[in-house]
Amino acid sequence: MNFFQRVYEVAKKIPAGKVATYGQLAEILGTRDARRVGQALHANKDLKTPCHRVVNKNGELALNFSAKGRSALGGGGWREQKRRLEAEGVEVVRRRVALKKYQWEVICN
DNA sequence: CTTTTGACTGAGT
DNA sequence: AACTCAGCCAAAA
């Protein structure tokens, strides 16, 4: 199984209304390289994966977020992500979420 | 094969 | 809060 695939598997485990950081997923996957997590999600063009629930450690949305399945997303990468998070009940202020409240805590994996 | 690049992070300024 | 520097490691070119 590819590393990418594993990233998706973990991403799918993130409960709606919660967010996880790249570093957090990386750690679950047994690596320290948060970047690869991001690359994996970027490579994933399937919108089935809740990539919008993955944010950087600052709680900010990905600057270059883009679900390739959708052309220009109506103009803004992170805007689309923001829209989706709000749809799940996550408060998104400007470009960030309240990690303090919404960061995913792994219950069991 | 070698080099660049990046949806990151953490520490220092 | 904003910027820099360095560490990290695989995919792309």
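We name chains A, B, ... by the order of the sequence lines, and we start the count at 1 in each one. We use all heavy atoms of the structure for the numbers below, so side chains are in, but hydrogens, waters and symmetry mates are not.
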Checklist entry - Of Q24(A) and R36(A), whose nearest nucleotide on DNA chain B comes first from the 5' end? => result R36(A)
Next on the checklist: I want to check something: taking the side chain as every heavy atom from C-beta on, are R95(A) and L63(A) in contact at a cut-off of under 4.5 Å?
Outcome noted: yes
Checklist entry - How long is the line joining CG of N64(A) and C1' of dA7(B), in whole Å? => result 7 Å
Checklist outcome for this item: In whole angstroms, the gap separating P of dC8(C) from CD of E27(A) amounts to 16 Å
Checklist entry - From the list dC9(C), dA1(C), dG10(B), which nucleotide is the closest neighbour of the side chain of D33(A)? => result dC9(C)
Next on the checklist: In this structure, how many angstroms lie between the C1' atom of dA7(B) and the CZ atom of R95(A), rounded?
Outcome noted: 14 Å
Checklist outcome for this item: Here the distance between atom P of dG6(B) and atom CZ of F4(A), to the nearest Å, is 15 Å
Checklist entry - Of all the choices, dC8(B), dT9(B), dC9(C), which nucleotide is nearest to the side chain of R32(A) once you look at every atom? => result dC9(C)
Checklist entry - How many Å lie between CG on L63(A) and P on dC3(C), as a whole number? => result 12 Å
Item to check | Q103(A) CD to dC8(B) P, straight-line distance once rounded to whole Å | outcome: 16 Å
Checklist outcome for this item: E60(A) CD to dG10(B) P, in whole Å, measures 13 Å
Checklist entry - Which whole-number value in Å describes the distance from N44(A) CG to dA11(C) C1'? => result 15 Å
Item to check | Out of dA11(C), dG6(B), dA7(B), whichever nucleotide has its closest atom nearest the side chain of R35(A) | outcome: dG6(B)
Next on the checklist: So, taking the atom named CG in N44(A) and the one named CZ in F4(A), what distance separates them when rounded to the nearest 0.5 Å?
Outcome noted: 9.5 Å
Checklist entry - Which comes earlier along DNA chain B counting from the 5' end, the contact point of A34(A) or that of Q39(A), where each point is its nearest nucleotide? => result Q39(A)
Checklist entry - Rounded to the nearest 0.5 Å, how far does CG of L99(A) lie from NZ of K57(A)? => result 8.5 Å
Item to check | Among dC8(C), dC8(B), dA7(B), the nucleotide that comes nearest once only the side chain of N56(A) is considered | outcome: dC8(B)
Item to check | 4.5 Å side-chain heavy-atom contact, L85(A) and Y102(A) | outcome: no
Item to check | Minimum-distance nucleotide (side-chain atoms of R96(A) versus dA1(C), dA7(B), dG7(C)) | outcome: dA1(C)
Checklist entry - What do the steps show when you test E88(A) against H52(A) for side chain to side chain donor-acceptor pair (under 3.5 Å), and what is the final call? => result CA-CA 10 Å; E88(A) 296 187 345; H52(A) 54 278; 3.1 Å; yes
